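One structure is given below, encoded as structure tokens.
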Amino acid sequence: MSEVNKGPLAGQRALVTGANSGIGAAVARGLAMAGAKVVINYVVNEPDAIKLVNEIEKSGGQAMALYADVSNESDVQSMFSGMIEAWGSIDILVNNAGIQRDAPFVDMTLSQWNKVMEVNLTGQFLCTREAAREFARRGVVPELSCAAGKVVCMSSVHEVIPWAGHVNYAASKGGVMMFMQSVAQELAHLKIRVNGIAPGAIRTPINRNAWETPEAEASLLKLIPYERIGEPADIAKATVWLASDQSDYVTGATLFIDGGMTLYPGFREGG
Ligand code: BGC
């Protein structure tokens, strides 16, 4: 048996949305190395999704790429039926797909507002609903996990930190927090666990302008007491834990993985 087949998620089937780049790609790798078969969902850049599938397979894992715009109900339903047809069911959903469409508030267009809400919040609704239907239908499979299913909702420190110039994004993440907690409350009796991860500044394409020059990086680091920018792998490790039975009594929780960004760093000297 390879290492992958002995991992904490051995035999489980996971779907990661927006898995062809950034945090999603790292999470998909992490779940695969922990033994899960992983659906790499993508909406653009199919070649990157295929590349990741090949990379995971080369390391002894199993993966497949499936297209869906997470904000489109019929796309999401076809993706879930494709996965269930191929692998029988689903055990883990990671709602990772997310976008920014930044603008000063007074200039923000309705389409910038709607697009961010549709992907970041409606997308989590549509995917979680499909996963929950399947978890509830199938119930607990004790050989695989104590839970009937696990959902990890990728949020942001901006579920609690207001963010000027990014009102649509912060509002969507505040929504993700209350969405995650309410679904967790409603589905816990079915042995379905729903948790959130709130990453801080993680080095990915979404915030490239915040770290790519030395000046930008220095000003970003002032917001991070731990004095380093996060790496996608920091998020992947926590996702594996939240998806595994190691966290079996954890539901409705948000894990902040932010190097202390939410600790009001200005108060180290001020106040
Ligand atoms: C945003 C990044 C930002 C980080 C910290 C994330 O949710 O997507 O652009 O750097 O929060 O502010």
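One-based numbering, in listed order, for ligands and for the atoms of each. Note that the coordinates shown come from a computational prediction; the quantities given were computed from them, not determined experimentally.
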*Has Gly200 got any heavy atom lying under 4.0 angstrom from an atom of ligand 1?*
yes
*asked:* Evaluate Glu55 against Lys58 for salt bridge (Lys or Arg N to Asp or Glu O under 4.0 Å), listing each step before the verdict.
replied: CA-CA 5 Å; Glu55 183 199 313; Lys58 258 194 220 131; over 6 Å; no
*To which protein heavy atom is atom 10 (O) of ligand 1 closest, and what is the distance rounded to 0.1 Å?*
Asn207 ND2, 3.3 Å
*Would you find more than 12 non-hydrogen atoms of other residues, nucleotides or ligands less than 6.0 Å from Glu186 atom CD?*
no
*Protein heavy-atom partner closest to atom 3 (C) of ligand 1 - residue, atom, separation in Å*: Trp163 CH2, 3.7 Å
*Return the residue, atom name and 0.1 Å-rounded distance of the protein heavy atom closest to atom 2 (C) of ligand 1.*
Gln100 OE1, 3.4 Å
*asked:* Can you tell me which portion of His158 lies within the under-4.0 Å heavy-atom range of ligand 1? Options are side chain, backbone, both, or neither.
replied: side chain
*Just distances here: any N/O of Ser155 and N/O of ligand 1 closer than 3.5 Å?*
no
*asked:* Check this for me: does any side-chain nitrogen of one of Glu130 and Arg133 sit under 4.0 Å from a carboxylate oxygen of the other?
replied: yes
*Is there a path of hydrophobic side-chain contacts, each under 4.5 Å between heavy atoms of I, L, V, M, F, W or Y residues, that connects Ile192 with Leu9?*
no
*Identify, by atom number and element, the atoms of ligand 1 in contact range of Ser156, meaning under 4.0 Å from any of its heavy atoms.*
6 (C), 7 (O), 11 (O)
_Electrostatic pair Glu118:Lys115 at N-O distance under 4.0 angstrom_ = no
_With a sphere of 6.0 Å drawn around CD of Gln246, does it hold more than 12 non-hydrogen atoms of other residues, nucleotides or ligands?_
no
